Structures are given as C-alpha cells and as structure tokens.
Amino acid sequence: QVQLVESGGGLVQAGGSLRLSCAPSADSFSINSMGWFRQAPGAEREFVASISWRDDSTYHADSVKGRFTISGDSAKNTMYLEMNSLKPEDTAVYYCAADRLMTAQALYNIDPRTSAVDYWGKGTLVTVSS
C-alpha cells in the first residue's frame with residue numbers, strides 16, 4: 001500500500017514562509033493529480049491547491065491565492081506547497097492527497113469531507129503565531 005508522506009510543517013510567525021513537501025513511499029505510483037487540503041481546529045477539511053501531472057494545470061483556493069503556490073515533479077510524484085505571507089488563520093493540519101484518475105480541477109471541486117480521493121497523507125501541522 002503506497003503512502004503519502006508530508007514534511008515541512010512547523011511553527012512560524014505571521015508574515016513568514018514555509019515550504020511543504022509530499023512524496024510517495026514507493027517509486028511505482030501512477031498518479032494523475034495531487035493536491036493539498038487543510039483542516040483547522042474545530043473546522044472541516046478544506047481544499048487548498050491542486051496540480052495535474054497531465055498538463056501542469058494548477059488550482060488554488062481563493063483564501064490562499066497570491067500567497068501559496070503549488071508545484072511538483074511529475075517524474076517523482078513529488079509535490080510542494082510554497083506558503084508565503086502566512087496568517088494565523090492558516091494554522092491547520094495540511095494533508096497531501098493524490099488520485100489515479102481525478103484531474104486537478106476535480107480535486108478543486110471535490111467535497112473534502114468525502115474519502116473519494118485515492119490516497120491521503122497523515123498530515124503535517126502548520127502553526128502561525130500572531
């Protein structure tokens with residue numbers, strides 16, 4: 001069973017930056033798109049950003065546009081999330097997700113409360129202090 005492993009979370013002051021990474025635990029891993037979701041304390045999981053390996057298209061939630069940038073290496077199925085100008089409201093556990101068939105747009109539109117996505121990471125905590 002392939003697992004997704006996130007890294008890069010931590011504590012940062014408001015206005016600071018962090019870079020999250022996500023990589024699979026196995027090399028043989030056929031994926032069409034990957035994405036980041038987050039869940040703040042007491043809140044539901046929400047979409048953050050997604051990327052398609054087929055055409056490199058990307059989607060970002062309105063709440064992070066202009067501050068966060070998703071990127072990746074399709075050959076390695078490795079994905080990154082560059083987070084700048086962090087705000088206390090960005091505090092959450094950030095989850096990596098990947099799907100064999102869904103497009104990046106489909107990840108953007110999916111209800112994050114469902115388990116329709118093929119693979120999920122265990123999450124990495126990002127804490128932004130004011």
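Note that the structure is a prediction, hence the values are computed from the model and not measured.
Across Leu107 and Ser50, no two heavy atoms sit closer than the pair CB-CB, 3.9 Å. Closest non-hydrogen pair, Ala14 versus Ser130, comes out as CB-CA, 4.4 Å. Scanning both residues, Thr78 and Ala23, for their nearest heavy atoms gives OG1-CB, 3.9 Å. The two atoms that bring Met102 and Ala106 nearest to each other are CB-CB, 4.0 Å, heavy atoms only. For the pair Ile51 and Met79, the tightest heavy-atom approach, listed with the atom from each and the gap, is CG2-SD, 4.2 Å. Here the shortest heavy-atom pairing between Asp90 and Ser85 reads OD2-O, 4.4 Å.
Under the 4.5 Å side-chain contact rule for hydrophobic residues, Leu81 and Leu86 share a cluster. Both Val48 and Val128 are part of a single hydrophobic cluster, where members link through side-chain heavy atoms under 4.5 Å apart.
The line from CE of Met34 to OG1 of Thr58 is 14.5 Å long, rounded to the nearest 0.5 Å. Of the inter-residue distances, the one linking Tyr95 atom OH with Trp36 atom CH2 reads 12.0 Å to the nearest 0.5 angstrom. From Asn77, atom CG reaches atom OH of Tyr119 across 10.0 Å, with rounding to the nearest 0.5 Å. Note that the CG atom of Asp118 and the CD1 atom of Ile31 stand 6.5 Å from one another [nearest 0.5 Å]. Here OG of Ser17 is found 6.5 Å from CD of Glu82. Values are rounded to the nearest 0.5 Å. The CD1 atom of Ile110 sits 10.5 Å away from atom CZ of Arg45, with the distance rounded to the nearest 0.5 Å.
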Discussion item. Quick one, Ser129 with Gln13, criterion side chain to side chain contact (heavy atoms under 4.5 Å, CB included). Give me CA distance, side-chain angles, the key distance, then yes/no.
Written reply: CA-CA 5 Å; Ser129 63; Gln13 288 188 333; 3.7 Å; yes
Fill in: CA sep, side-chain torsions, deciding dist, call: Val126, Val93, side chain to side chain contact (heavy atoms under 4.5 Å, CB included)
CA-CA 6 Å; Val126 172; Val93 176; over 6 Å; no
Practice prompt. Go through Val64 and Arg38 one step at a time and tell me if the side chain to side chain contact (heavy atoms under 4.5 Å, CB included) criterion holds.
Written response: CA-CA 12 Å; Val64 306; Arg38 68 184 182 185; 4.0 Å; yes
Worksheet item: Hey, mind stepping through Ile70 and Tyr59 against side chain to side chain contact (heavy atoms under 4.5 Å, CB included) and telling me if it holds?
Response: CA-CA 8 Å; Ile70 190 171; Tyr59 294 83; over 6 Å; no
Fill in: Worked check of ring-ring contact (aromatic ring centres under 6.0 Å, His included) between Trp120 and Phe37
CA-CA 10 Å; Trp120 289 94; Phe37 294 79; 5.1 Å; yes
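In this structure, the side chain of Thr127 does not engage the main chain of Leu11 through any donor-acceptor pair within 3.5 Å. Side-chain atoms of Gln105 do not come within 3.5 Å of backbone N or O of Asn109 as any donor-acceptor pair.
For the residue pair Asp99 / Ser33, no side-chain donor-acceptor distance below 3.5 Å is found, with atom types taken as modelled.
Using a cutoff of 4.0 Å between basic side-chain nitrogens and carboxylate oxygens, Lys122 and Glu6 are not scored as salt-bridged.
A cation-pi arrangement is present between Arg19 and Tyr80, with the terminal nitrogen or guanidinium carbon under 6.0 Å from the aromatic centre and inside a 45° cone about the axis.
Taking the side chain as every heavy atom from C-beta outward, Arg67 and Lys87 approach each other to under 4.5 Å. Arg100 has its side chain out of reach of Asn32: every pair of non-hydrogen atoms, C-beta onward, lies at least 4.5 Å apart.
Taking the six-membered ring where tryptophan is involved, the planes of Tyr94 and Phe68 are tilted, since the angle between them lies from 30° to 60°.
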